[in-house]
Amino acid sequence: MTIKKLALYILFAFTSLFSFAQNTSSDITFWSDIPDEQLANMLINRMSDEELLAQILMFGWAGQEPSDLLNSWVTQRGLGSVKVFGWNTDDIKKVAKSIRILQQEAAGRKFQIPLFVATDQEGGWIRHVKGETADTPGNMAIGASGYPIDAYYSGYYINKEIFALGINMNFAPTVDLYTNRDSSVIGPRSFGADPEISGILGEAFAQGSIAAGVIPTAKHFPGHGDTSLDSHGKLPEIDISRETLEQRELVPFKYLIKTEIPAIMSGHLSFPQIEQDGTPASLSKKILTDILRNEMNYNGLIITDDMQMNGATLFAGSFHKAVTMAIEAGNDIIISSKTANLNDAIWTKNVERMKTVPAFRNRVKDAASRVILAKLKYFKSSNHAPLYPDENTIYQFIPDKEGQKFFLEQACRSISLLKKGSAFPFKPEAEEKVLIAGPFSALFNEGKKRYPKADTFHISYSLNSDNSNYDEWNGANLVYTARKYDTIIINVYDQHSVNIAQRLKNMGKKVIVLSIMSPVYVLNDFDWADTILCGYSYSSFSFAALFGALNGEFVPEGIIPLNDD
């Protein structure tokens with residue numbers, strides 16, 4: 001052997017030995033220069049049972065800033081993820097600061113594993129991060145335009161804003177189908193009733209989210225659309241066959257799985273023809289492991305909906321039992337909107353179970369492995385949300401100026417002309433008296449831009465689903481006021497506003513209905529109205545588009561994305 005070859009051999013041996021020593025040393029961290037799969041296994045094998053369990057939990061916090069308790073979960077337990085809910089986001093500067101502090105705390109632990117920071121920023125109706133972020137037209141508006149490019153750029157601009165805050169995971173797109181017109185929880189959050197179109201639009205939205213640097217999450221598996229109940233309060237039952245499920249609800253998820261959607265949220269939904277005992281999908285091994293994992297070949301993260309929702313806990317009998325069932329069913333991240341106490345039963349009972357039931361420990365270990373591998377792939381990529389966002393610079397990015405232009409254009413493409421009457425386009429005569437009625441400031445602001453001489457009538461907004469006194473009082477006042485006007489432009493958005501608007505039916509006035517949110521409220525019993533236009537959210541973009549169409553500035557071409565009855 002020549003001296004040169006010997007030197008190369010010694011160098012190779014030394015390098016290999018150094019690499020081996022590095023890979024087996026006790027100071028390995030999340031940021032070690034080791035291939036992702038190998039590093040994930042090494043980290044998992046070094047973690048205690050407590051660290052493994054903490055890695056698959058996601059907690060939210062009440063108030064504008066994280067509580068001491070949540071900070072303790074991060075610093076003492078190594079909590080894996082946090083969620084930003086809508087009750088703590090009016091001040092986006094505080095949101096960014098809170099995320100920075102939490103990530104710094106996570107970086108102070110021995111493995112330096114960063115947090116997944118999630119929120120629900122679907123667009124339209126569901127916008128958990130408020131403050132200066134864009135209030136967008138929403139999914140049903142995308143479905144009405146039917147353009148995948150609208151879905152892509154909605155996903156892109158929505159997520160580009162929350163990216164700047166350090167939020168790295170978004171629980172969107174919602175690909176539940178609008179198959180039940182009585183739906184109170186999905187409604188305009190859906191792209192529509194068509195499974196194929198919803199799959200295509202959901203896929204485009206997810207790709208826009210990825211391009212913006214935020215992990216998308218498709219929801220609510222296996223489909224929340226065919227029920228009028230809200231799983232926050234009760235466990236909805238969707239009594240459909242496996243064949244119907246395959247041909248309808250699962251279709252959008254199949255589209256997303258083919259394009260490797262990184263996360264899917266399981267819903268608190270009962271499918272009695274799939275699980276005869278009524279086990280919710282979120283707690284069902286048959287639905288999550290057998291169907292989603294094994295039959296549909298899904299390899300990404302499975303994340304529960306909020307486990308504080310009654311749809312899950314009432315079935316399990318207690319919160320900690322529901323968490324155990326969710327883990328065993330195949331979920332990889334367990335969400336709780338409330339921060340648990342450090343020694344809550346969800347912690348003590350499940351740690352104890354890990355130490356006494358090997359199969360359960362293996363399931364927790366498998367879930368933690370998926371979480372850590374997903375984090376490695378994301379945080380070591382070139383396009384991830386900042387770990388330590390600078391709260392002093394976020395107003396450079398929020399609201400996104402290009403996004404503002406896009407959302408107005410998208411809203412215009414979505415507007416649907418349900419009924420064209422003599423008042424379309426509406427160009428009032430010089431002496432014509434016009435009244436604009438509704439509860440939203442954006443309605444009045446955008447209406448007055450086109451019809452500056454119009455007067456306004458404010459209808460108070462009610463969240464009470466059964467309030468006949470509210471309807472009677474507002475309706476009587478509207479009728480009294482409307483007597484002096486020739487044309488009434490009224491905003492319809494729920495059953496209350498329907499009841500109030502119907503009071504105008506026999507007054508002999510010209511009535512223009514501007515529908516927002518779900519269009520189901522104006523599909524029937526409004527044949528007496530002169531003109532009906534449908535938008536799909538209460539954002540200023542939607543109202544600007546509605547009045548623009550009414551004023552004849554463009555021809556509305558949106559198609560209501562629901563099946564014919």
Going through the distances and angles, do Lys93 and Glu132 end up as a salt bridge (charged side-chain N to carboxylate O under 4.0 Å, His left out)?
CA-CA 10 Å; Lys93 202 170 179 182; Glu132 289 73 20; over 6 Å; no

Decide salt bridge (charged side-chain N to carboxylate O under 4.0 Å, His left out) for Glu122 and Lys219; before the verdict, give the C-alpha distance in whole Å, the side-chain angles of both, and the deciding distance to 0.1 Å.
CA-CA 10 Å; Glu122 299 174 14; Lys219 63 185 185 185; 2.7 Å; yes

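Taking the six-membered ring where the residue is Trp, Phe221 and Phe253 present perpendicular rings, their angle passing 60° and hence far from 30°. Using bins of under 30°, 30° to 60° and over 60° for the plane-to-plane angle, the ring pair His220/His224 lands in the perpendicular bin. Classified by interplanar angle (parallel below 30°, tilted 30° to 60°, perpendicular above 60°), the ring pair Trp87/Phe85 is parallel.
Within a 6.0 Å sphere centred on CD of Glu260, other residues, nucleotides and ligands contribute 12 heavy atoms or fewer. Within a 6.0 Å radius of NZ in Lys448, more than 12 heavy atoms belonging to other residues, nucleotides or ligands are found. Counting heavy-atom neighbours within 6.0 Å of Glu557 CD, excluding the residue itself, gives a total of 12 or less. The environment of OH in Tyr153 is sparse: at most 12 heavy-atom neighbours from other residues, nucleotides or ligands sit within 6.0 Å. Enclosure of atom NZ in Lys130 by more than 12 non-hydrogen atoms of other residues, nucleotides or ligands within 6.0 angstrom is indicated.
A side-chain donor-acceptor contact under 3.5 Å links Asp530 and Ser422. A side-chain N or O of Tyr536 and one of Ser416 form a donor-acceptor pair less than 3.5 Å apart. A donor atom on one side chain and an acceptor atom on the other are not found under 3.5 Å apart for Asn139 and Ser190. Judged purely by distance below 3.5 Å, without hydrogens or angles, the side chains of Gln273 and Asp239 pair a donor atom with an acceptor atom.
Checked against the 6.0 Å centroid threshold, Tyr451 and Phe426 count as a close aromatic pair. Here the two rings, on Trp528 and Phe526, have centers that are under 6.0 Å apart.
Between Arg413 and Asp150 a salt bridge is recorded (basic side-chain N to carboxylate O distance below 4.0 Å). For the pair Arg450 and Glu553, the salt-bridge criterion is met [side-chain N within less than 4.0 Å of a carboxylate O]. Salt bridge annotation for Glu446-Lys449: present, with a cationic side-chain nitrogen under 4.0 angstrom from a carboxylate oxygen. Salt-bridge check for Lys254 with Glu246: passed, with a basic side-chain N closer than 4.0 Å to an acidic carboxylate O. Salt bridge status for Lys160 with Asp400: present, with a side-chain N to carboxylate O gap under 4.0 Å.
Put simply, the residue from Thr133, Thr136, Thr119 that forms a side chain to side chain donor-acceptor pair (under 3.5 Å) with Arg127 is Thr133. Among Tyr521, Phe440, Phe543, the one residue that satisfies the ring pair (Phe, Tyr, Trp, His ring centres under 6.0 Å) test with Tyr493 is Phe440.
In this structure, Thr531 contributes its side chain and Gly421 its backbone to a donor-acceptor pair below 3.5 Å.
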